[in-house]
Amino acid sequence: MNQPIRRLSMLVSVLFVLLLGSSTWIRVLGSQDINDRPGNRRTQLESYARERGQILIGGRPIASSTPTDDDLQWQRTYSNPRLYSHITGWNSFTYGPGGGIEEAEDGLLSGRDDKLFYDRLTGTIAGREPKGASLELTINPKVQKAADEAPGDQRGAVVALDPRTGAILAMVSHPDYDPTPLVSHDPSVEKKARESLNADPTRPLVNRSITGNLYPPGSVFKIVTAAAALEDGQWSEDSSIPGPAVLDLPQTDVGLPNSHPGACGPGDKVSLAVALQDSCNTAFGWLGMQLGGDAMRQQAGKFGFGDDPEVPMKVSPSTLPTQMSPPQEAPVGIGQYDVRVTPLQVAMVSSAVANDGVVMKPHLVQSVLGSDLSTISETKPEQLSKAMEPETSDQLTDMMKLVVERGTGTEAAVPGVSVAGKTGTAEQGEGMPPHARFTGFAPADTPVAVAVVVEDGGRAGNEAYGGSVAGPISAAVMKAALQ
């Protein structure tokens, strides 16, 4: 064999090996990745050939599938679409699953998840038609309804948690949207709906409770600063600390003022408990500088700041600045500067105070049910972290009760119930109205922790205060939870 022929045969052999290898990779190793791609039409058609699992609250479906006469054999329907839009998300033939449980748990709902192997096997033996798993959620429908109705048409978010288990009892984001057009089976209708929602400047597709552009917490962050001070051991709720009308900041000519005129107490002194009760900026700014940036970051981290948990939807991590100079430590101590949080994180802070200092991992799925609605798995309460000692949480509870009994949070009171809370009026820039915030819990045998944010002060605009705007919303949610 001459040299040119030998070289050509070697090239053909190499190409054959590469072709064999690539086809093997596609059929064996890469098949799952290809099948999981949202744009794979064959996989989508296959998924519509079997009934998608239900999303249930209290045993009743808020998302289910009904048979159709078209090529897509099942039609997704939502029983109360706007109330649960950010919880369910949607499952579109054109775009695939998007947002909420539909996207986060698509493998279970579609029936493709490996966890369903034995359910598929027993279903085949029993002669049942294959279908996806159903998911029972932790949402309390009465609490969800109250959290949706209380803010009215104001933009923002409300989260309610069971502090003992981490179960999410309500998750509301305003504005909401109707996912029904996104699952219409008509590509033109689905495209028009998606383009309209994406073009909406109010961003209705963003779940403000766990993601999106995070909010400055404002004075609700004073709970974290107070926890750091109490855990440090130098201060107690009765400690007298500086509370002047304006706090002098080092390295700058700019001072930190109170939100109200004058000092927080006689002789420019105030107890830590009264400083929280009246939301004294200068006292907590002073504490921020005394504690330092590292201590505040460590304390915030114990509450869950910096984590990006899945509930099962992904949650944006709440953050503190990585570096702080002394004049920056003061505004961080009152939840300003570059502190950013999700409403879920703020609810976790209140939950830790209500639960003897323990932060439970938040979750939205209570159980996974098989095709015959038998239980495949249940979510067990799981400790995420220990934020503080029980003695610290007891002191913080007493201090937060004062906020609602006689301080800035009186409009969050619930008749006949002892409520602990903290208001926040979070500044976001020169000339822009503040975000109104409230967080708290009802320290009963079955406590509920709530976090509320109303964007841009809601209807009150520049005149907004956390107590007057967000406090009544929290009260309505707590009433529903405690009934």
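Between the side chains of Ser65 and Arg76, a donor-acceptor pair is found at a separation under 3.5 Å. Looking at Asp238 and Ser236, their side chains never bring a donor and an acceptor atom within 3.5 Å of each other. With hydrogens and angles left out, the side-chain atoms of Ser316 and Thr211 include a donor and acceptor closer than 3.5 Å.
The two residues Ala442 and Met478 make their nearest non-hydrogen contact at N-CE, 3.9 Å. Considering every non-hydrogen atom in both Ala426 and Gln336, the closest pair reads CA-OE1, 3.5 Å.
For residues 401-443, the ring-ring contact (aromatic ring centres under 6.0 Å, His included) pairs, not counting sequence neighbours, are Tyr215-His435. Applying the ring-ring contact (aromatic ring centres under 6.0 Å, His included) rule to pairs touching residues 146-181 yields His86-Tyr177, sequence neighbours excluded.
The NE2 atom of His363 sits 12.5 Å away from atom CG of Leu384, with the distance rounded to the nearest 0.5 Å. Taken to the nearest 0.5 Å, the OG atom of Ser350 stands 4.0 Å off from the CE atom of Met400. Of the inter-residue distances, the one linking Thr425 atom OG1 with Arg437 atom CZ reads 10.5 Å to the nearest 0.5 angstrom. Distance OG/Ser351 to CG/Leu161: 4.5 Å, rounded to 0.5 Å. Summarising the geometry, atom OG belonging to Ser259 is positioned 6.5 Å from atom OH belonging to Tyr465; distances are rounded to the nearest 0.5 Å. Rounded to the nearest 0.5 angstrom, Trp90 CH2 and Ser85 OG are separated by 10.0 Å.
Side chain of Asn140 to main chain of Gln144: no donor-acceptor pair is present (N/O by atom type, distance under 3.5 Å, no hydrogens or angles). When atom types are taken as modelled, the side chain of Thr397 and the backbone of Ser393 share a donor-acceptor pair closer than 3.5 angstrom. In this structure, the side chain of Ser385 does not engage the main chain of Ala387 through any donor-acceptor pair within 3.5 Å. A donor-acceptor contact shorter than 3.5 Å is absent between the side chain of Ser239 and the backbone of Leu272. Looking at Gln154, its side chain never comes within 3.5 Å of a backbone N or O of Val454 through a donor-acceptor pair.
With a 4.5 Å cut-off on side-chain heavy atoms, Pro362 and Met171 do not count as touching. Using a 4.5 Å cut-off on side-chain heavy atoms (C-beta onward), Leu396 and Asp394 make no contact.
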Donor-acceptor pairs under 3.5 Å, side chain of residues 403-417 to any protein atom, not counting sequence neighbours: which ones?
| residue | atom | partner | partner atom | Å |
| --- | --- | --- | --- | --- |
| Thr408 | OG1 | Thr423 | OG1 | 2.6 |

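At a threshold of 4.0 Å, the pair Asp176-Arg82 counts as salt-bridged, since one of the basic side-chain nitrogens sits closer than that to a carboxylate oxygen. By the 4.0 Å N-to-carboxylate-O rule, Asp113 lies too far from Lys115 to be salt-bridged with it. Remark: Asp148 does not engage Lys145 in a salt bridge, criterion side-chain N to carboxylate O under 4.0 Å.
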Would you please test Ser367 and Glu136 for side chain to side chain donor-acceptor pair (under 3.5 Å) and show each step? CA-CA 5 Å; Ser367 56; Glu136 179 72 43; 5.5 Å; no

Could you give me the CA-CA distance, side-chain angles and deciding distance for Arg155 and Asp456, then say whether salt bridge (Lys or Arg N to Asp or Glu O under 4.0 Å) is met? CA-CA 8 Å; Arg155 295 194 310 274; Asp456 304 326; 2.7 Å; yes

